[in-house]
Number of protein chains: 2
Amino acid sequence: MPNIKLSKSEENYLKSIFNLSEFGNKQVSTNSISKILNIEPASVTDMLKKLSKKNLVYHEKYKGSTISKSGIKIALQIIRRHRLWEVFLHDKLKFKWDEIHEIAEELEHVSSEELIDNLDKYLKYPKIDPHGDPIPNKLGEIDFVDKISISDLNINEKGIVSRIINEDEEFFNLLKKLNIEIGTEIKIVDKIEYDQSVEILINKKSVIISKDISNNIKITKI
Amino acid sequence: MPNIKLSKSEENYLKSIFNLSEFGNKQVSTNSISKILNIEPASVTDMLKKLSKKNLVYHEKYKGSTISKSGIKIALQIIRRHRLWEVFLHDKLKFKWDEIHEIAEELEHVSSEELIDNLDKYLKYPKIDPHGDPIPNKLGEIDFVDKISISDLNINEKGIVSRIINEDEEFFNLLKKLNIEIGTEIKIVDKIEYDQSVEILINKKSVIISKDISNNIKITKI
DNA sequence: TAAAGTTTTTAGGTTTGCCTAAATTATTCA
DNA sequence: TGAATAATTTAGGCAAACCTAAAAACTTTA
Ligand SMILES: [Mn+2]
Ligand SMILES: [Mn+2]
Ligand SMILES: [Mn+2]
Ligand SMILES: [Mn+2]
């Protein structure tokens with residue numbers, strides 16, 4: 001199977017399907033892809049057929065889609081490119097950690113293997129990107145450290161923010177407002193049963209964050 | 001006039017039209033654009049109409065096209081991006097000078113002004129790219145040093161290769177075969193009246209190069 | 001200066017990637 | 001379990017950026 005050049009669209013679909021599939025293990029619904037990519041479900045169906053014909057996903061009508069082995073391989077390549085560019089933008093070009101995702105979203109589609117390998121070498125083979133996400137190596141192997149979320153800590157326990165899952169702009173804005181970034185120390189003050197929101201202490205200020213928010217912030221326990 | 005985002009195609013057309021126009025001074029024929037971009041003349045006409053409607057070129061039916069002030073401004077921006085990326089690829093990622101053009105052709109279309117300005121700063125505001133071409137600054141100003149060509153030297157005069165105009169792969173291959181690169185010292189042995197080809201000495205070996213080849217190699221007299 | 005040749009445009013298609021509206025299938029829940 | 005609701009697909013369209021073939025306009029040349 002010679003490496004057929006994929007379009008930017010196809011690459012974005014594959015990456016999203018992979019991300020939704022939890023490392024290729026889960027079936028992915030048409031609607032979930034639609035929501036993530038902001039593309040109407042009807043169009044997603046079109047593309048699923050196309051990717052299906054290329055054996056990058058398996059698509060069962062009205063059921064859902066699974067990403068294939070070769071689909072995963074390609075998705076990991078794109079993720080590798082994205083995260084390496086993020087490291088470059090952050091470490092070398094001195095962009096803030098919340099400004100890099102959008103630009104990397106474009107750079108990731110420049111597909112020269114040599115380019116990425118030289119970039120990797122130049123950056124000294126980084127293992128994680130500025131959001132704490134692991135970077136796949138040339139072979140697609142990835143350090144799969146499943147960090148715990150804020151909500152996994154108990155009251156009075158402390159942690160260091162080590163990974164931000166959601167990279168949408170609104171989420172970044174929220175984190176900024178909360179004074180949360182990679183490296184920030186937090187302490188659990190209270191866990192609210194009712195809706196599983198959590199009261200946490202950041203720089204001596206206490207705030208309550210929803211379950212959804214806390215799930216998107218991974219930490220290292222200290 | 002707010003900066004409207006142009007497509008990759010539109011950007012490539014503008015850059016080519018600008019390059020053919022000799023800094024916006026000459027009218028450009030539909031056929032010449034067609035040849036450079038490898039796109040059929042009929043399609044070129046389509047795009048010329050489109051760019052015309054956006055006031056980036058003036059298109060006179062059956063006559064030719066002229067690039068507008070704002071067209072030039074955009075073209076210079078794209079050229080700036082292209083050449084800065086070439087510097088990055090060559091100086092930082094250690095690509096050979098004949099491997100960078102193609103990759104820069106992709107990178108130049110990632111349009112974030114901040115990205116380019118930060119890259120410029122990171123590279124310490126380089127004035128020329130690895131082929132000896134001047135790099136426009138943020139404002140589109142460009143050091144316009146019109147170097148002399150090999151054919152401008154007289155017999156027995158010497159020069160240092162300082163700029164390669166043609167960046168096609170075949171031309172690079174030819175230069176490699178001739179052992180010519182930026183910095184190579186050459187000496188004129190003879191100038192052939194018949195077809196204006198030139199006999200030159202490179203590393204003690206003498207070769208005859210055609211007028212077309214010598215025109216594409218700019219030098220600094222020594 | 002008119003015929004021949006060249007350049008450019010027009011007309012009519014195609015592919016990609018998207019959309020809306022309507023039809024179909026699956027799921028929920030009363 | 002059957003009716004309402006939700007998810008998904010099909011059908012039909014559209015814009016961008018190409019193409020080929022044919023027509024029209026310019027240029028050369030005899
Ligand atoms: Mn990112
Ligand atoms: Mn992307
Ligand atoms: Mn170049
Ligand atoms: Mn280009």
Side-chain angles (χ1 to χ4, degrees), chain A residues 3-18 20-21 26-67 71 74-75 78 105-106 108-111, chain B residues 3-18 20-21 26-67 71 74-75 78 105-106 108-111:
Chain A
N3 254 8
I4 305 126
K5 169 77 163 104
L6 297 181
S7 72
K8 187 171 164 172
S9 264
E10 290 170 317
E11 288 192 346
N12 280 335
Y13 272 91
L14 272 187
K15 200 174 62 156
S16 297
I17 295 167
F18 174 76
L20 287 166
S21 76
K26 258 183 44 187
Q27 240 191 211
V28 175
S29 76
T30 300
N31 258 2
S32 63
I33 301 169
S34 159
K35 264 164 213 146
I36 282 218
L37 290 177
N38 251 297
I39 291 170
E40 293 303 316
S43 312
V44 174
T45 301
D46 285 351
M47 183 57 91
L48 287 173
K49 281 180 182 165
K50 201 177 155 197
L51 294 175
S52 206
K53 204 173 293 170
K54 295 189 181 186
N55 286 312
L56 299 171
V57 304
Y58 308 117
H59 176 58
E60 248 197 302
K61 249 189 212 166
Y62 289 103
K63 294 282 170 56
S65 304
T66 315
I67 189 163
I74 293 170
I78 302 162
E105 205 54 54
E106 293 302 312
E108 73 185 5
H109 301 291
V110 176
S111 65
Chain B
N3 254 9
I4 304 126
K5 169 70 164 111
L6 298 181
S7 71
K8 186 171 163 173
S9 264
E10 290 171 316
E11 289 192 346
N12 280 335
Y13 272 92
L14 273 186
K15 201 175 62 156
S16 297
I17 295 167
F18 174 77
L20 287 166
S21 77
K26 257 182 44 186
Q27 239 192 211
V28 175
S29 75
T30 301
N31 257 4
S32 63
I33 301 169
S34 159
K35 264 163 213 146
I36 281 217
L37 290 176
N38 250 298
I39 291 170
E40 292 303 314
S43 312
V44 173
T45 301
D46 285 351
M47 182 57 91
L48 287 173
K49 280 181 181 166
K50 202 177 155 198
L51 295 175
S52 207
K53 204 173 293 169
K54 295 189 182 184
N55 287 312
L56 299 172
V57 304
Y58 308 116
H59 177 57
E60 249 197 300
K61 246 188 215 170
Y62 289 104
K63 293 281 171 52
S65 305
T66 316
I67 189 164
I74 293 170
I78 302 161
E105 205 55 54
E106 294 301 312
E108 73 184 4
H109 301 292
V110 176
S111 64

What string of B, S and - do you get for nucleotides 9-14 of chain D 5' to 3' if you count protein non-hydrogen atoms under 4.0 Å? BB----

In whole Å, I'd like the distance from the [atom1] atom of [X] to the [atom2] atom of [N].
X     : N      : atom1 : atom2 : value
B:I39 : D:dA16 : CD1   : P     : 16 Å
A:K53 : C:dT15 : NZ    : P     : 11 Å
B:E40 : C:dT7  : CD    : P     : 14 Å
B:Q27 : D:dT27 : CD    : C1'   : 15 Å
A:K35 : D:dT8  : NZ    : C1'   : 12 Å
A:L37 : C:dC19 : CG    : C1'   : 15 Å
A:L51 : C:dC18 : CG    : C1'   : 15 Å

Nearest-nucleotide wise, let me know which of A:Y13 and B:N31 is further upstream toward the 5' end of DNA chain C.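 The answer here is B:N31.
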
5'-most by nearest nucleotide on DNA chain C - B:V28 or A:E10: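 The residue mapped nearer the 5' terminus is B:V28.
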
Run the side-chain contact (heavy atoms from CB on, under 4.5 Å) test against [X] and tell me which residues pass, sequence neighbours left out.
X     : result
A:K35 : A:N31
A:E60 : A:Q27, A:K63
B:Y58 : B:T66, B:S68

Look for any protein N or O under 3.5 Å of an N or O in nucleotides 1-3 of chain C and output each such pair with its distance, or none.
none

Residues which pass side-chain hydrogen bond (donor to acceptor under 3.5 Å, both in side chains) with [X], listed by chain and number, not counting sequence neighbours:
X     : answer
B:K8  : B:E106
A:H59 : A:S65
A:S16 : none
B:K54 : B:E10

Any idea which of D:dA7, C:dT8, C:dC18 is nearest the A:S9 side chain?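 Nearest to the side chain of A:S9 among the choices is C:dC18.
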
Going by the side-chain contact (heavy atoms from CB on, under 4.5 Å) test, name the single residue among B:N12, B:L51, B:I36 that passes it with B:I17.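 Between B:I17 and the candidates, side-chain contact (heavy atoms from CB on, under 4.5 Å) is satisfied uniquely by B:L51.
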
A side-chain contact here means heavy atoms from C-beta on lying under 4.5 Å apart; do A:E40 and A:S34 qualify?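 Side-chain contact under 4.5 Å: no.
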
